[in-house]
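Remember, it's a predicted structure, so these values are computed and weren't measured experimentally. Labels below follow one simple rule: chain letters A, B, ... track the order of the sequence lines, proteins then strands, and each chain is numbered from 1.
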Number of protein chains: 2
Amino acid sequence: MPAKRSKQSDTLRAAQMYYLQDQTMDAIARELRTSRSTVSRLLSAARDSGLVQVQIKTPADLAPELERVIRRRYKVDVHVVPVADTLNEMDVLDRVSMQAARTITPLVDSNAVIGVAWGSTLSAVSRHLTRKTTHGTTIVQLNGAGNTQTSGITYASEIIRRFGTAYGAKVEQFPVPAFFDRAETKRLMWEERSVQRILELQSRVTIAIFGVGSIDAEVPSHVYTGGYLDSTDIDDLEASGVAGDVATVFFRDDGSDEGIMLNERSSGPSLASLRKIRRRICVVSGAKKIKGLRGALAAGLATELILDETTARELVEQESAQSDPIFGFLNSLDGL
Amino acid sequence: MPAKRSKQSDTLRAAQMYYLQDQTMDAIARELRTSRSTVSRLLSAARDSGLVQVQIKTPADLAPELERVIRRRYKVDVHVVPVADTLNEMDVLDRVSMQAARTITPLVDSNAVIGVAWGSTLSAVSRHLTRKTTHGTTIVQLNGAGNTQTSGITYASEIIRRFGTAYGAKVEQFPVPAFFDRAETKRLMWEERSVQRILELQSRVTIAIFGVGSIDAEVPSHVYTGGYLDSTDIDDLEASGVAGDVATVFFRDDGSDEGIMLNERSSGPSLASLRKIRRRICVVSGAKKIKGLRGALAAGLATELILDETTARELVEQESAQSDPIFGFLNSLDGL
DNA sequence: GACCTTTCTGCACGTTTGTGCATGCTGGTT
DNA sequence: AACCAGCATGCACAAACGTGCAGAAAGGTC
């Protein structure tokens, strides 16, 4: 004599029977007096409503060598996403972003303020987020997305909207261009009360999530192709020896950002203010981003790094060959 | 170029690809250059080695009415295990114990001291435990298991051994009879250093896990049938109005235990010392145990209660009909 | 090295699960 | 009342999965 038959309670019941009691969907269907197909659908609803949570905990002694090396060298909490190195860029992005989404969700608490950048990586991540009910959470856009051609705003707003839906959070867009034409305009805008409100929110971000742009990426980041920059700007970047960007703020190989003029006109948070955020999650997919990634790591922008195995391997090999004799030793020692 | 091919790393990799990236086993097999069957086996190894953890979090507002009522009335953290009310006792026990095992495991931390009783319920639970690596954990037997006929010790030791294996813990048996023939003997034994050591451990238990015995259970608890008690003892219990027991310590309907002579000869912890333990998990399966359960709840022996739905329903209905007009009101109010 | 025991692997088969599609239901609009 | 849009349901089929079994590999023991 089951009490009431709301869909919600059926879902919970099905989930318990399936995941906690190892019943087959068939058996559950009989008990719920419905069809097996419905149970299958209930269960997938339970999964992506966050009712069922699957976690994989990696005992440190079992983590792949690659993770240990990166963690030790860059002092970041790293998650290497296993991928076959025959996969094409798009499939890799898909896998990395899916795993990233599932890795990020457990980190989100109630009352978090989550700063989100935009770009193809973040867009992919946002598509795979699983729901989690939280209270008082806010999503805030880290950098503007307007450009000279299409607005770009729908693109960025779509990303943060998905984050908002997944966590039941309030979302705050940042309705300014990605880059101002004149630094003076930016300075004035930054005095506006509406902008100040967002800046204030940004200063209270507890979790930042971003990808990296790399100047040499074969699949170039949106920033470099989306009409945000003109050819003068790009020449300027190359002249300054820029390696990549995070949230439309640029830096060099060694992590420095002094004297990069374009940053004066960028709407993104300065590297210094980014570094003040407690948790800074960087998602990277594709070995073509390695240059930007190295710069970002040198700048200490990330506290956690989620990246695909191929890129991870390249990151370790490049550096160990070049500039890190000690690592070369460890490397052979650990039989990497 | 996968680095090394240990079984461990394959397991981790497979788990990540399956649970975090939604790959099929077939695809994983190709990448790992093995057969799909092997992957299937790797994944089930990952599950029951505790590498993959599946949790179901029940938002309070979604918990079934039954749970809310019990929680409020008895001030215990309750988990009602959904079961069809047509199931036979054995199947119910199987489901309850499986879900109990999976509910308990996440509560176990490193350095916990876990006190475990014995009985058919605990035996079933122990068979379904999933592995979890912890450090410095100790399992200690709460009450003796020797009796006048068979030793009973293998039975009890099997249970705590399973707990030990699951959590990688040290196990401490309690090699005394369940009941002494003479209270005097017990007093003397309690002075023995070997016994004192166990008693000291018991006083430091952080999580106790036990079932309940009920005097009217149709499937009688081991205690009442296993040759632990003779007919005089049983007459004595009935004369004292005993409702049931926890770890071979008896109590009445109302939770009182004063003047129950048999307890003087029992090897189990007194109700008072049991109540000092922080977490006290009580697992109950089968409506026939309801009398004992009510006594145990009245005595405040449990902080968490895991029981099947049928029993839960009966628990709520009986009491509300009899002795709890206020609850009758709440009950109709909440539309139970 | 020969022998035995134990564990691992892939195959083949039956079972279990996901999903496109047709149908039916519900609530809102005219 | 008639209509429609949107959603939930069950069916049927294909895909994905678990497992007994037999042979292969690994690890001891003499």
Side-chain angles (χ1 to χ4, degrees), chain A residues 2-54 56 62 82 84 87 91 94-95 98-99 101-102 127-128 130-131 165, chain B residues 2-54 56 62 82 84 87 91 94-95 98-99 101-102 127-128 130-131 165:
Chain A
K4 202 161 29 179
R5 297 299 306 281
S6 81
K7 173 159 183 186
Q8 292 254 309
S9 72
D10 274 4
T11 306
L12 177 61
R13 210 184 163 90
Q16 290 183 103
M17 293 203 277
Y18 190 81
Y19 289 103
L20 262 23
Q21 300 177 17
D22 288 353
Q23 302 287 304
T24 72
M25 295 187 182
D26 217 7
I28 299 172
R30 277 196 299 278
E31 189 165 326
L32 260 41
R33 281 164 232 275
T34 179
S35 73
R36 199 185 46 69
S37 347
T38 301
V39 174
S40 169
R41 284 187 264 254
L42 284 180
L43 288 174
S44 73
R47 276 189 303 268
D48 49 47
S49 71
L51 214 138
V52 173
Q53 303 188 345
V54 179
I56 295 190
L62 204 146
L87 250 43
D91 288 339
D94 216 51
R95 309 266 208 106
M98 193 178 299
Q99 188 161 338
R102 295 183 184 180
R127 267 192 300 272
H128 293 297
T130 54
R131 220 169 256 284
T165 317
Chain B
K4 202 163 26 180
R5 298 298 305 281
S6 83
K7 173 159 182 186
Q8 294 252 309
S9 72
D10 274 5
T11 305
L12 178 59
R13 213 184 160 89
Q16 290 182 105
M17 293 204 277
Y18 191 81
Y19 289 104
L20 264 21
Q21 297 177 18
D22 289 352
Q23 300 290 302
T24 72
M25 295 187 183
D26 219 5
I28 299 172
R30 276 196 299 278
E31 190 166 325
L32 259 40
R33 281 164 231 274
T34 181
S35 72
R36 199 182 47 68
S37 350
T38 300
V39 174
S40 168
R41 284 187 266 255
L42 284 180
L43 289 174
S44 71
R47 276 190 303 268
D48 49 46
S49 71
L51 213 136
V52 173
Q53 303 187 344
V54 179
I56 295 191
L62 204 147
L87 248 43
D91 288 340
D94 216 52
R95 310 266 207 104
M98 193 178 299
Q99 188 160 339
R102 295 182 184 182
R127 267 194 299 273
H128 293 297
T130 54
R131 220 169 255 286
T165 319

Verify, without hydrogens or angle tests, whether B:Q23 (side chain) and A:R95 (backbone) share a donor-acceptor contact under 3.5 angstrom. no
Selected nucleotide, minimal atom distance to B:T38 side chain, candidates C:dG10, D:dG18, C:dT17: C:dG10
Value in whole Å for how far the P atom of D:dT19 lies from CE of B:M25: 10 Å
Over how many whole Å does the gap from B:M17 atom CE to D:dC17 atom P extend? 13 Å
Do B:Q16 side-chain atoms and A:I56 backbone N/O form a donor-acceptor pair below 3.5 Å? no
Quick one: is D:dG10 close enough that its OP1 or OP2 comes under 4.0 Å of any side-chain N or O from A:T34? yes
Return the value, rounded to whole Å, for the distance between atom CD of A:Q8 and atom C1' of D:dA8. 15 Å
If only atom types and distance count, is the side chain of A:R102 paired as donor or acceptor with the main-chain N or O of B:Y19 below 3.5 Å? yes
Atom pair distance, as rounded to whole Å: CD in A:Q23 and C1' in C:dT16: 14 Å
Separation of C:dC8 atom P from B:L32 atom CG, nearest Å, is 16 Å
Taking for A:R36 and for A:L42 the nucleotide of DNA chain D with the nearest heavy atom, the one nearer the 5' end belongs to A:L42
Taking CG from B:L43 and C1' from C:dT9, how many angstroms apart are they, rounded to a whole number? 16 Å
Kindly point out which of D:dG18, C:dG18, D:dC11 is positioned nearest to the side chain of B:R47? D:dG18
Start with the C-alpha distance between B:L32 and B:L42, add both sets of side-chain angles, then the distance that settles side-chain contact (heavy atoms from CB on, under 4.5 Å), and finish with yes or no. CA-CA 11 Å; B:L32 259 40; B:L42 284 180; 4.1 Å; yes
Contact class for A:T24 vs. all strands (heavy atom < 4.0 Å): base, sugar-phosphate, or nothing? sugar-phosphate
Quickly work out the B:D48 CG to D:dG18 P distance and round it to whole Å. 12 Å
Are there more than 12 heavy atoms of other residues, nucleotides or ligands under 6.0 Å from atom CD of B:Q53? yes
Counting side-chain heavy atoms from C-beta on, which of D:dG18, C:dT19, D:dC17 comes nearest to B:Y18? D:dC17
Starting at atom CG of A:D26, determine the distance to atom C1' of C:dT17, rounded to an integer number of angstrom. 10 Å
I want to verify a distance call: between C:dA12, C:dT19, D:dG18, whose nearest atom is closest to the B:S37 side chain? C:dA12
